[in-house]
Structure formats: structure tokens, C-alpha cells
Number of protein chains: 2
Amino acid sequence: MNKKPNLKDVAKVAGVSAITVSRVLSNPDKVSEKLRTKVEQAVHEIGYIRNHAASALASRRSGVIAVIIPSLSNIVFNDVLQGIYSAVKQHHLQVVLGDCHYSPLEEEKLIATLLSQSPEGFILTGTDQTDYARKLLQQSGIPIVQLMELSDCPIDMNIGFSHFNAGVDITNHLLQKGYRKLGFLGARMDTRTQQRLAGFKKAIADFKQPCQSYVVTTTQSSSIRLGGQLLQAVMAESQGQCDAVFCCNDDLALGALFETKRMNLKVPADIAICGFNDLEASALVEPAITSVASPRYEMGQQAVELLMTASGKDKTHKPPIDVGYRIVERAST
Amino acid sequence: MNKKPNLKDVAKVAGVSAITVSRVLSNPDKVSEKLRTKVEQAVHEIGYIRNHAASALASRRSGVIAVIIPSLSNIVFNDVLQGIYSAVKQHHLQVVLGDCHYSPLEEEKLIATLLSQSPEGFILTGTDQTDYARKLLQQSGIPIVQLMELSDCPIDMNIGFSHFNAGVDITNHLLQKGYRKLGFLGARMDTRTQQRLAGFKKAIADFKQPCQSYVVTTTQSSSIRLGGQLLQAVMAESQGQCDAVFCCNDDLALGALFETKRMNLKVPADIAICGFNDLEASALVEPAITSVASPRYEMGQQAVELLMTASGKDKTHKPPIDVGYRIVERAST
DNA sequence: AGTCAAAATGGTTGCGCTATCATTTTATCT
DNA sequence: AGATAAAATGATAGCGCAACCATTTTGACT
């Protein structure tokens, strides 16, 4: 096996200079058609593939976007990722993805690692970075987008929606429907879940009539199965009084719904259920589950677009972009 | 904003040579503790981050693993990815991920792009690559793993299981249970789905007693909703005769199950349902769905380990690794 | 103290490519 | 045809780092 062909090898085969080959690859318009064809043939013939490291070093453009999400297994981030990938493709960039497992410390390490790739943009989830991480990011001068939630003091750009407001709204939805013994089921308890819980509490505190609340949370990661366990827990804690539950996401809500069948509870007659994120299954189970929808795919896309337009070094402060959310009312409430 | 600090800047601050700084970063054991501490402080102080492109160019080690999956949205590949990421972390590597949308041509382009990163290993899904893609991969000399299914002529290494056998087994399971009018619901119809269908047909052809089969497929991508539609379709085609369906994955199976409720069909009395992939929801719905489980996470992990041990240039042909599968029998059949 | 091996540190060079500038060729006009 | 601009091509240098080899320092032993 010969060693990998380089620019010079292509140049020799095509009978041109190395720099011309380089141009064919990055600025085809600047080369006459005759030479371009010759070079392209040579490239294909010897299976030449440009050395990205050398190219990035010489050109100071890595063609890479760094992305950190808190969890690969959570389908919510998957949707965002798909949006990111779809947008990145247009710009001929590569994504380097990190999973920080909801840990700011792990995120800090990841940020350092990913910065070494000299990414042309950085997409972070949430606004909960360590100080050192923020320092590194700021010093890098790279455009940065923080996704999913809104921040008063974003590192650079910010796009998301208010999980607090969504929590308030969905809780009010339950209250308006006449439910008065509300449970909150929370897993993981990351910052966004905490904000939803804060919204839940706020809505109840502000409500003019007497009502009860039962909060059951765990730091375990979310799953359908866990939803069933948490429903059991909230029913135990409320001694069977609880008549509606706000689940911090749709996985829990689905699990809670499945559990009601085993407990012989009617939804929504005996107990109402609402979730968060509006997964496909929530609309198709029986009864369908009320949930909170947000434009995740579009958020991912828009994040990339923001990065691309921002590389123009305008250090003007950009206001956070609120993509909003929508309460999808269904039979479960 | 000053330009990014480099090795020399750190060296100046720490009062050592550049190469010593480099060693602290890559071979800390080779440096005395005194200097190491000084250098580490300097690195942290000025927020130095190594330039990956330069490092990769000089050392000829990119620290990157390339991965191509057919779909980001399919949770099945998500599991594999998680396994890959968990293993990659141990080895201090980065993943560069591509989504080829089930298209060999798109995959070919991705392979060329990702090869330019000089990855130290390449993980592909399936065995359906174009000739030129195979040429590029072979010529690169990089260790390669093809995942998910087994191949007679793998490019390099191969780990997966037989979707054909799984299709045969699950169909036989239905036949043994006494069902005789079997439907197959297929979406996407990628190679693995086709193999499952082939298994379905084989089992029916080999069965000693008379039985009927109804095959309904579409190239649309799979979803829960589609499962409901395909169930409608197979019931229409069989004029209500169909008494069991093998869904090519659990999304379809869930959708089919939800649809039976709307159609007032009892599962498994009126119709049996089985799926593929054993998603969490399948075990928790009522009735729980029979499915085929496979060690996806472990497959991902093992793929990375294979790549890492294989970089030793042993060009011996390695036999495919069959990780097997398991039929999980539940109430739906 | 003197010898030698081993460990620690440093200097030089080149990885493969592209930015920059210099040069040559081609096209356009009077 | 000659003058000028514009397009196409080429030569050189350097991006930031680590491999390689040279040198210095340290430690272990007689």
C-alpha cells in the first residue's frame, strides 16, 4: 500500500502545479475549464482526498461546527440535531458533536476539547456553563449560540423559549379545566425542568382559589417506565387525591398514562395528564396527551444560520430570539 | 482580541521550550513534575488550547473516528451511537458523524468528506456501499467496521446479526402460535428491512401447513402514525382476514397497536402484533408487544474496540462477529 | 569523587496545504 | 498592430505542531 497521494501527486498526473490543483478543489471558478477537467480526472483517478488538517492549518478555516448536547438518548435533542445537520450540509461544514451528560464539568472539558478543532461556530445547549468554560469560549472569538432556553446574559447569541412561562401556562390550563389537586412529576431535574417546576409553583401560588400541589421529583434520568413509578409515588403522597399531573416531559407522561390503565384510573375523568415536548406518540395514544410543542428542528437550523451570518465579526450584542411554544390540548386533560 | 495563543506563548510564560509544553500535553510522564506544574499553570492562565489541525498534521494522528448512520431520527442508531460515544471517550477520540439518509450515493460523498479528516477508524452502517466508496475506503488503509448486519464480503471488519434469520424466527413464532393469515408491514425498505421480509417469506414458504401472507410495504420513512395506516392497508387487502402482523420495526408495531383500539380489534385475540428492535415503549404498552431485541449499545462499543485493536495493521481477514438477537415474547402474540 | 546510564529538556525540520504576491497568457479595445 | 486590462497560472513562504536527534541534567553505583 503506497502512502496517501497528496497535492503534488495529483499535480504531476495532471501536468499542472500543485497550487492549481488546490484551486480546483476550493475555487473551481478561478481555473480554466480545460485545466479543471484535467485535474478533476486526475483526482478521481488516483482517488486523491484532501488532507483536512493541512488545509485547515494553512487556511485557518476548519470547516467544523462544534455542538454539545446534554444527552444523546433524549429524542428532544435529536430533533435539534437533525435541524443542525440539515443546515450544516448547505454550508459544507462538518459537525463535531459532544454529549456532556447534563454535567457542566463534563461540558467544560468537552468545550476545551472541541475548541481545539478551531470550530467556526459553537452550539451549546442551555445556559448553565462553568465560568472557565465561558472564559474559554469568549476568548476564542468564535460565534456561539446557546440553545433551548433564554438567558439574561448569554455568552453570545441565544435562541430558545421560556420553560418557566410554559410551566405557568400548562399549569393554568389544568387549573382552568377545574383540577385542584395538581401533581408535578419531574425526572433528571436539569435547569429546564427546574424552570418548568418553578412555573408550576408560580401558577399555583398566583391562583385565586384554594388548591393543592404535590411535587415528586428524582434525579434519575427520564424514561417511560419511570413515569409509571412517579405516578405511583404522587398518588401515594396525595393519598389518592391527586386529580391531574404535569409531567416534565412526554416520556414520563406516557409512562404515567400506561400506569393509569394498570391502576384502573380513567383519564381524564379520574386523573388528567399533560406532558412536555409533544412527541409523536403523545398524539396517538388513547387518550391523546396534552403537551407543549416547540420548534426544535427549526431551532437547530436557525442556530447554524445565526453562526454563519455572525462570523462577520459584528460584536454588537444580539438580543435573544424567542421561538415560543404552543400548548397542544388533547383528550387527556 | 489578541490572536489565539500558541505553544510558544505558553513556553514563554512557563519559561521552558515549546517542545516541553507539547510534551506536557501529550506525554505528561516524560516531564518532571516541577516543569509540568509550571506548564500546566501557564496553559490554564492564558487559556491555551492546542491547535488540532497542526497537531494532526505533524503527528499524523487525527484522533478522529468517522461514523456514518442512515438516519439520525431512528432511535435504533441512536443506541448504537451511544455505545460508540461511550467507547470513544475512553480512547480520547472525537467522533465525526454523518447521516446519509439511507442513500448509498450520499454515503459515498460523506465517505470522501470524512476521509479527508484522516480518521483513525471508520464505522459504517450496513453493507450496501458503492464501488467507488469501497475503493476509497480500501485505499485509505484505515480500519473499517460495518455495523448492524452480516456480510459475506465485508470491506474489513463486520459486526451485526442476521436480519433474515430474525425474520424467519419471528414468523415461525407466529405460525407456532397458530396464526395462519400473516401480514408484513414494512416501511422505508432499506436492506435490513428487506432481509426481514425475505425471512418472513421464507418461513411461510417452508411451513408445512396452508397459510396466507399479505405484504404491505412503502418506501416512506417509518413512524408510529404510518403503522396505523399500514394496518388499515393490510386489513383492507386481506379483507379483514389477517390475524397477525409482523411489523418491520416497533414504531410501526406501536402505531398498529394504537390503531387496533380505534378499529375495536382485540390484541392478540383478533390480531397478533409483533415488532422489531424492542424499544422501551413496546414493553410498557397494553398489551405489551412481542419484539426482537439486539445488543445495539454493545455493538457500538465493540465496533470502536475493534477499530482500536485493529490499527496494528494486521491485514489478516477477520471473520464477521455475530452478536445475535433474541425474540422477546409478550402478550401481543 | 568519578563513572556511566537513564531521564529530562531543547533545536531543527517538515507534515500538506493555501495566502500572498509575481508572472504569464488571454481578451478587449482603440 | 499596439496598449491596456483582466484572467489564469505559478513560486514561495509559513500556518502550529510533534518526530527526530542532540544535548544537558540527574541519579546510581563503585
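Each chain gets a letter, A, B and so on, in the order its sequence line appears, and its residues count up from 1.
Interatomic distance, CG of B:L81 versus CG of B:L72, reported as 7.5 Å (0.5 Å rounding). Put simply, CZ on B:F77 and CG on B:D99 are 9.5 Å apart, with the number rounded to the nearest 0.5 Å. We find the CD1-CD distance between A:I111 and A:Q129 to be 5.5 Å, quoted to the nearest 0.5 Å.
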Within the 4.0 Å limit for protein heavy atoms, which parts of nucleotides 14-21 of chain C are touched? Write it as a string from 5' to 3', B for base, S for sugar-phosphate only, - for none. BBBBBB--
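In this structure, the NZ atom of A:K30 is 13 Å from the P atom of D:dA6, given to the nearest Å. Straight-line distance from the CZ atom of B:R36 to the P atom of C:dA8: 9 Å, rounded to whole Å. Nucleotide C:dG10 holds its P atom 15 Å from the NZ atom of B:K12, rounded to whole Å.
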Pair A:E120, A:S62 - check side-chain contact (heavy atoms from CB on, under 4.5 Å), show working. CA-CA 7 Å; A:E120 298 180 22; A:S62 67; 3.8 Å; yes
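Test B:R192, B:M299, B:E149 against B:F161 for side-chain contact (heavy atoms from CB on, under 4.5 Å) and you get one pass: B:M299. Results of the side-chain contact (heavy atoms from CB on, under 4.5 Å) test with B:Q302 over B:I84, B:V145, B:V323 single out B:V323 as the only residue that passes.
Between D:dT9 and A:S32, a contact under 4.0 Å exists linking OP1 or OP2 to a side-chain N or O.
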